[in-house]
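Written out below as structure tokens is the structure these notes cover.
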Amino acid sequence: MSILSLQNISKKYPIQRGIFKRTVGYASILRDVSFTVNAGEILAIVGESGCGKSTLARLMMGLEAPSGGQVFYEGKRIDNLSYRRQMPIRRAIQLVFQDPSAALNERFSVGKLLQEPLDIHRIGTKDERMAAVHHALTQVELPPDFSERYPHELSGGQRQRVAIARSIILQPSLLFLDEPLSALDVSLQGQMLALFKKLQQTMELTLVIISHDLGLVEHFSTRTLVLHYGEIAELRDTAELFAAPEHDYTKTLLASIPNQMGKTRF
Ligand code: ADP
Ligand code: MG
């Protein structure tokens, strides 16, 4: 079943010159991109730096408008909504940042950091919000009394877990991970992947993971979308794609994986 669907999406950015920022042309970042994200899957988006992965993710989340084409979330168009009508989408679709723990405000307790999304969306009574904070901490395998702590009192891995708790506290359906592990050392990467997989199963989440780490993608995702200069080169079952890549660009990409990476690391 489809949760998110893109139809003929294109994105252009103006190329501006001079002190008056005169538009001298357009850079075409995405061209005629159409595909569907299935509910419950782990979809990986791969491709070299600058090929348009993050732009595509912002369009999929409704955070940016396409230059052409349409985006549907659960059958409803989300690419042309007003800010107010976007609020339910902003609850259902969440993003885990590249270095999420850097986004934690040091002056707030963990409890306040986790409660903030509930306050913004005006969800629950005071007691219900407190219960949701404790539940989210449990989901990321931290003790509930961590709500009293401050970010500087936490280890790197614990901060990461708090940031993840913040992105799941609104019970989203769709979670975007944009290079989610690149700021972590290798020993923590495996732990976080295991946590994401557990959350995906227990919360019935759909995951979209953007990564240049093909070992991770092969190990973790169910389908892989290969983006090449703003177009889809290939979108297939991950195991099949890694076993027998069809597109020349995918072959080049896979040939660049260091020996046995992904088979030993995770
Ligand atoms: P990736 O995530 O695959 O590295 P991005 O989606 O971040 O790629 O960027 C794709 C291209 O679009 C890059 O050339 C980048 O410079 C350009 N780009 C991204 N965002 C903007 C923007 N807001 N304005 C102009 N150009 C942009
Ligand atoms: Mg990017």
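Counting starts at 1 for both ligands and their atoms, following the listed order.
Test Gln115, Lys112, Arg166 against Val133 for side-chain contact (heavy atoms from CB on, under 4.5 Å) and you get one pass: Gln115. Tested against Pro172 for a side-chain contact (heavy atoms from CB on, under 4.5 Å), the candidates Gln94, Arg90, Arg91 yield a single pass: Gln94.
Side-chain polar atoms of Thr238 and Ser221 form a donor-acceptor pair below 3.5 angstrom. When only modelled atom types and interatomic distance are considered, Tyr249 and Glu231 share no side-chain donor-acceptor pair under 3.5 Å.
Here CD1 of Ile164 is found 13.0 Å from CZ of Arg159. Values are rounded to the nearest 0.5 Å.
Closest of all the heavy-atom pairs between Glu234 and Glu246 is OE2-N, 3.0 Å. Shown here for Arg129 and Gly124, the closest heavy-atom pair between the two residues is NE-O, 3.2 Å.
Other residues, nucleotides and ligands place no more than 12 heavy atoms under 6.0 Å from the CZ atom of Arg85.
For ligand 1, the protein residues placed under 4.0 Å by at least one non-hydrogen atom are Tyr13, Ile29, Glu48, Ser49, Gly50, Cys51, Gly52, Lys53, Ser54, Thr55, Arg58.
Near-neighbour remark for the Mg ion (ligand 2): protein N, O or S atoms under 2.8 Å are Ser54 OG; waters not counted.
With a 4.5 Å cut-off on side-chain heavy atoms, Ile209 and Leu216 count as touching.
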